[in-house]
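Notes to accompany the following structure.
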2 protein chains.
Amino acid sequence: MPGYGQLCPVAKAMEILDERWTMLVVRELLLGSTHFNELRRGLPRMSPALLSKRLHTLERVGIIERSGPTARPAYTLTTKGRELSTVVDALGAWGVRWIGELGERDLDPHLLMWDMRRTIPVERWPRSRTVLAVEFADTAPRTSRWWIVVAGDDVDVCDVDPGHVTAATVRTTLRALTAVWRGDLSWPTALRSGAVMVDGPPTTRRQVPHWLGQSLLSAVPRPAGVAG
Amino acid sequence: MPGYGQLCPVAKAMEILDERWTMLVVRELLLGSTHFNELRRGLPRMSPALLSKRLHTLERVGIIERSGPTARPAYTLTTKGRELSTVVDALGAWGVRWIGELGERDLDPHLLMWDMRRTIPVERWPRSRTVLAVEFADTAPRTSRWWIVVAGDDVDVCDVDPGHVTAATVRTTLRALTAVWRGDLSWPTALRSGAVMVDGPPTTRRQVPHWLGQSLLSAVPRPAGVAG
DNA sequence: CTGTATCCATGGCGATACTG
DNA sequence: CAGTATCGCCATGGATACAG
């Protein structure tokens with residue numbers, strides 16, 4: 001891969017960015033991850049060797065900086081790297097708008113919960129510690145039960161019962177909750193159809209959609225329309 | 001490459017777009033190329049086999065349409081494909097802003113002339129047929145002399161002398177004219193330093209920079225400033 | 001926790017030649 | 001002009017184990 005041999009800035013940019021996983025590493029950094037295992041958590045199918053290699057490349061070309069070896073290693077975007085947000089945003093908007101069909105392999109409860117966790121609107125939750133349970137009907141038993149614990153400004157996602165009383169329980173499939181999260185399916189439609197069900201006191205039940213919200217990209221309008 | 005296994009729209013987009021050359025094929029289509037050999041001209045280092053493969057993939061995923069086998073084959077972007085302009089534009093702006101250093105292999109007189117040809121502002125040229133010669137001091141003899149012929153709304157670029165009288169001659173290096181074209185170097189600076197010289201009648205000489213112009217991305221501001 | 005080392009299979013892709 | 005066919009290398013990157 002001796003580059004593209006082109007003067008075009010698009011080509012020069014893609015020489016760096018078209019390598020597998022690279023753009024997703026940048027996405028993770030833009031979303032705020034800084035440590036190696038934090039990045040791994042958002043990129044579970046990427047081998048640590050490859051992640052290491054990509055981080056070195058990104059550092060070499062000046063997209064990220066690595067904190068000195070004295071402190072705990074941390075990766076942060078430089079200005080050059082931060083400006084890739086325009087590219088990532090454009091890719092995300094295009095992707096959510098035009099690529100609606102997800103394969104079975106694209107559905108991952110860990111990633112979904114990890115993703116939702118990032119943008120849980122804590123200000124809509126009760127002041128006191130509140131636990132919301134999520135149950136997937138269609139995943140392996142080990143990954144079918146989750147608990148979201150919001151206490152003050154802290155959000156935790158557990159795959160083991162934290163042992164507190166739950167305010168409500170969301171019963172759904174991984175595919176359905178993923179569709180709602182991405183904005184392929186609206187909360188009202190999902191609830192009406194029963195694709196997502198909420199158990200709990202009536203007042204709480206009505207709050208749950210606002211507690212969870214949707215991904216930032218869910219607001220992107222879809223071409224054919226009719227997204228539920 | 002079994003995909004990324006992620007629900008994230010950025011990942012779904014990159015599953016298609018991170019393959020080598022793909023984004024450059026899209027760029028060529030966005031710039032108006034429609035036929036196979038037209039695409040090849042903008043992608044000279046891409047093998048025809050690979051171009052064919054990429055076109056098939058892009059058609060399969062709905063980014064391009066191929067005209068029926070009855071007519072002369074032509075490739076056009078669908079709406080889905082056309083909306084990739086946001087991605088390509090973001091890549092181009094980031095690339096021209098942050099990747100200024102070009103290697104020797106990135107400099108190609110064919111590509112530069114082909115690229116300039118696309119956006120020659122014919123309305124600034126004289127009404128009658130006008131020929132501008134370009135001579136590179138640092139390229140192989142076969143690729144050192146070019147002629148830009150503007151007649152009405154038609155622009156032609158030749159690497160053999162068309163045999164008409166030339167209004168002026170641009171003498172420069174491939175690297176310098178490339179820098180001017182990309183906007184890494186301004187016309188005034190290039191002329192003052194002698195990096196680009198124009199031979200011809202004084203009135204014409206002053207017009208030449210406006211006849212050639214600069215790439216659309218040249219207007220993107222640069223980080224460190226000081227771009228000539 | 002933060003990576004590196006090693007191994008290996010796969011297949012991507014570059015080069016060239018050739019066909020309708 | 002518009003591709004397809006074939007070949008073969010070598011690098012990519014996936015998996016696993018291990019080190020500081």
Side-chain angles (χ1 to χ4, degrees), chain A residues 1-6 11 14-26 28-29 33-61 64-76 105-106 108 111 114, chain B residues 1-6 11 14-26 28-29 32-61 64-76 103 105-106 108 111 114:
Chain A
M1 57 138 203
Y4 289 116
Q6 300 218 348
M14 285 308 282
E15 285 181 9
I16 299 170
L17 300 170
D18 72 358
E19 285 189 307
R20 192 162 156 79
W21 289 108
T22 296
M23 202 72 84
L24 302 195
V25 174
V26 173
E28 284 301 307
L29 291 163
S33 294
T34 56
H35 297 293
F36 195 82
N37 281 0
E38 208 176 351
L39 290 165
R40 288 201 66 187
R41 189 153 178 188
L43 305 163
R45 294 190 125 100
M46 186 182 195
S47 82
L50 193 52
L51 174 57
S52 174
K53 183 178 177 181
R54 289 290 183 271
L55 289 170
H56 280 296
T57 302
L58 289 172
E59 187 185 11
R60 180 172 50 74
V61 301
I64 65 176
E65 270 169 355
R66 183 209 194 88
S67 73
T70 158
R72 180 183 176 204
Y75 303 93
T76 53
R105 306 233 333 154
D106 299 328
D108 182 323
L111 277 174
W114 179 244
Chain B
M1 58 139 203
Y4 288 116
Q6 299 219 348
M14 285 309 282
E15 285 180 9
I16 299 170
L17 301 170
D18 71 358
E19 284 188 308
R20 190 162 157 77
W21 290 107
T22 296
M23 202 73 83
L24 303 193
V25 174
V26 173
E28 284 302 306
L29 292 162
S33 295
T34 56
H35 298 293
F36 195 82
N37 281 359
E38 208 175 351
L39 291 164
R40 288 200 66 187
R41 189 150 178 192
L43 305 164
R45 295 190 123 99
M46 185 180 194
S47 84
L50 192 51
L51 174 57
S52 174
K53 182 178 176 182
R54 289 289 183 273
L55 289 170
H56 280 296
T57 303
L58 288 172
E59 187 185 11
R60 182 172 49 76
V61 302
I64 66 177
E65 271 168 357
R66 181 207 195 91
S67 74
T70 159
R72 179 182 177 208
Y75 303 93
T76 53
R105 307 236 328 158
D106 299 328
D108 182 323
L111 276 175
W114 179 244

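Please read all numbers here as calculations on a predicted model, not as lab measurements. In what follows, chains carry the letters A, B, and so on, assigned in the order in which the sequence lines appear, proteins first and then strands, with residues in each chain numbered from 1.
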Grab the CZ-P distance between A/Arg20 and C/dT10 for me, whole Å please. 16 Å
B/Trp21 CH2 to C/dG14 P, straight-line distance once rounded to whole Å: 7 Å
Quick one: list whatever passes side chain to side chain contact (heavy atoms under 4.5 Å, CB included) with A/Pro73, sequence neighbours left out. none
Identify, with sequence neighbours excluded, every residue that meets side-chain hydrogen bond (donor to acceptor under 3.5 Å, both in side chains) alongside B/Asp106. A/Lys12
Heavy-atom contacts under 4.0 Å between residues 37-46 of chain A and DNA chain D, which residues? none
Whole angstroms only, please: what is the CG-P distance between B/Leu51 and D/dC1? 14 Å
Check: B/Ala74 main-chain N/O paired with B/Thr34 side-chain donor or acceptor under 3.5 Å: no
How would you label the contact of A/Pro48 with the nucleic acid (heavy atoms, under 4.0 Å): base, sugar-phosphate, or nothing? base
Please work out which residues in residues 52-61 of chain B have a non-hydrogen atom less than 4.0 Å from an atom of DNA chain C and list them by number. B/Lys53, B/Arg54
I'd like to check the side-chain hydrogen bond (donor to acceptor under 3.5 Å, both in side chains) partners of A/Asp18; sequence neighbours left out, ordered by chain and number. A/Tyr4
Under 4.0 Å from OP1 or OP2 of C/dC1: is there any side-chain N or O of A/His35 that close? no
Partners of A/Arg40 by side chain to side chain contact (heavy atoms under 4.5 Å, CB included), sequence neighbours excluded? A/Phe36, A/Asn37, A/Pro48, A/Leu51
For B/Glu19 and C/dG11, give me the distance from atom CD to atom P, rounded to whole Å. 13 Å
For A/Arg66 and C/dT2, give me the distance from atom CZ to atom P, rounded to whole Å. 11 Å
Quick check against the 3.5 Å criterion: does A/Glu28 have a side-chain atom that pairs as donor or acceptor with the backbone of A/Arg41? no
Atom CG of B/Asp18 and atom P of C/dG11: how far apart are they, to the nearest Å? 16 Å
Between D/dG3, D/dA2, C/dG14, which nucleotide has the shortest distance from any of its atoms to the side chain of B/Tyr75? D/dG3
Which residues satisfy the side chain to side chain contact (heavy atoms under 4.5 Å, CB included) test with B/Arg72, sequence neighbours excluded? B/His35
Does A/Arg72 place a side-chain N or O at less than 4.0 Å from the phosphate oxygens OP1/OP2 of C/dC1? no
Of the listed nucleotides (D/dG14, C/dA15, D/dG3), which one gets closest to any side-chain atom of A/Ser47? D/dG14
Between D/dG14, C/dG14, D/dA2, which nucleotide gets closest to the side-chain atoms of B/Leu50? C/dG14
side-chain hydrogen bond (donor to acceptor under 3.5 Å, both in side chains) with B/Arg45: which residues, sequence neighbours excluded? none
Checking B/Arg66 now: which residues fulfil side chain to side chain contact (heavy atoms under 4.5 Å, CB included) with it, not counting sequence neighbours? B/His56, B/Glu59, B/Tyr75
